[in-house]
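Chain letters run A, B, ... following the sequence lines, proteins first and then strands; every chain starts at 1. Scope of the values below: all heavy atoms of this structure, side chains included, with no hydrogens, waters or symmetry mates. Everything quoted here is computed from the prediction, not taken from an experiment.
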Protein chains: 2
Amino acid sequence: MTSKSLHGEIENRLVEHELRYTSARKSVVAALITSDGPLSASELHDEFGGSVPLSSIYRSLVVLEETGILAPHLGTKGLTRYELAEWLRGHHHHFVCIDCGAVEDVAVDDTHERSVDAMVNEISSRVAFTPINHALEIEGRCARCA
Amino acid sequence: MTSKSLHGEIENRLVEHELRYTSARKSVVAALITSDGPLSASELHDEFGGSVPLSSIYRSLVVLEETGILAPHLGTKGLTRYELAEWLRGHHHHFVCIDCGAVEDVAVDDTHERSVDAMVNEISSRVAFTPINHALEIEGRCARCA
DNA sequence: AGCTATAATGAGAATCGTTATCATTCAAGA
DNA sequence: TCTTGAATGATAACGATTCTCATTATAGCT
């Protein structure tokens, strides 16, 4: 999906909810389109050189999450990073550096993804739990911290 | 591994580091042995009916993590939950309820686990990243929230 | 058993990420 | 243009976590 069509999809989604695709929200989305992994509020704040106030960033994140445009990344100690939801970025997994905490996206090929899916379904069927999504986090050391 | 031998292993590990296996630390470990999923500082605090002050719990968690006895659970927004490290509890995965946030352990059979391992290794070999561990988080709704 | 050195504790202050408040600004539609 | 609700910026409030420091407890020595 091209960056322009992404913005279009997102604007549509917001308008459906009677919300506006304002510049703060666009900035957040644009940064996350470019980024190679999820970002936290303060990382975004730095990214913008402080031009967008933190309170606006937090509010944008809330709105974008509520409308299903962003998804929180389950894999961080102490802070919350966000990424584009799967319908916008496709399914993927993460590397998490145990030293610096950096998170990087990883693509998975279909063969492997199918086996993970099978596993998730099989496991869930054995217990009272309805699976909606899954996330494989690979913990290790990134190139910089190795 | 029996509960008693677990405590023994842990005490040894602490003594190697010239640290003591005090009652606060024992309480934390005991609670995590019993629990069916990772717990946060305040959940532990409640578990103990407030008898162990929060500051002690936090300090115990830090010490136990530094010595490799506990591992932080990567899968929670806003707070940190801990569980026994893998050498004490064995490898497993998690269900995370997207409504109430509860986390529950899930066992994985060898067949599936091997395919996940293969996938992790294969992926990591393609990028500059040294894998140390992995965590499969299954997000969904638990029985209570379904 | 008593001493001593140091680990560990308890209580509270301080910090950090995040959320809520409120007056002001902006933008879409009449 | 005017109106109305959405969005903003600044700041206060909040909850989770960490730090500080004076006090207590414990292992090792005599």
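Proximity of the aromatic rings of B:H93 and B:H112 is defined here by a centroid distance below 6.0 angstrom, and this criterion is not met.
In this structure, A:S40 does not reach the C:dG17 phosphate: none of its side-chain N or O atoms is under 4.0 Å from OP1 or OP2. Between A:S55 and D:dT11, a side-chain N or O to OP1/OP2 separation shorter than 4.0 Å is absent. Phosphate contact (OP1/OP2 of D:dG9, side-chain N/O of A:S56, threshold under 4.0 Å): present. Between A:R59 and C:dT19 there is no side-chain N or O to OP1 or OP2 distance below 4.0 Å. Contact between the side-chain N/O atoms of A:T80 and the OP1/OP2 oxygens of C:dG17 is not found at any separation under 4.0 Å. Remark: A:Y58 is in phosphate contact with C:dT18, judged by side-chain N or O atoms under 4.0 Å from OP1 or OP2.
Toward the 5' end of DNA chain C, the nearer of the two residues B:K77 and B:S51, judged by each one's closest nucleotide, is B:S51. Of the two residues near DNA chain D, A:S23 and B:T22, the one whose nearest nucleotide lies more 5' is A:S23.
As a whole-Å value, the separation of A:L61 CG from C:dG17 P is 14 Å. The distance between atom CG of B:L14 and atom P of D:dT26, rounded to the nearest whole Å, is 15 Å. In this structure, A:E66 atom CD and D:dA6 atom P are separated by 13 Å, rounded to whole Å. The CD-P distance, from A:E11 to C:dA27, rounds to 13 Å in whole Å. Going from atom CG of A:L54 over to atom P of D:dC14 covers 20 Å, rounded to whole Å. Atom-to-atom, NE2 of A:H73 to P of C:dG17 comes out at 18 Å; the value is rounded to the nearest Å. Regarding A:H17, its NE2 atom lies at a distance of 18 Å from the C1' atom of D:dG5, rounded to whole Å. Atom CD in B:E43 sits about 15 Å away from atom C1' in D:dT17, given to the nearest Å.
Rounding to the nearest 0.5 Å places CZ of A:F95 at 12.0 Å from CG of A:D36.
Across all their heavy atoms, B:V96 and A:F129 have their closest contact at O-CZ, 3.6 Å.
No donor-acceptor distance shorter than 3.5 angstrom exists from the side chain of B:R89 to the backbone of B:E83, with no hydrogens or angles considered.
B:V28 and B:L84 fall within the same hydrophobic cluster, where Ile, Leu, Val, Met, Phe, Trp and Tyr residues are linked whenever their side-chain heavy atoms come under 4.5 Å apart, directly or through other members.
Closest to the side chain of B:R20, out of C:dG10, D:dA10, D:dT26, is D:dT26.
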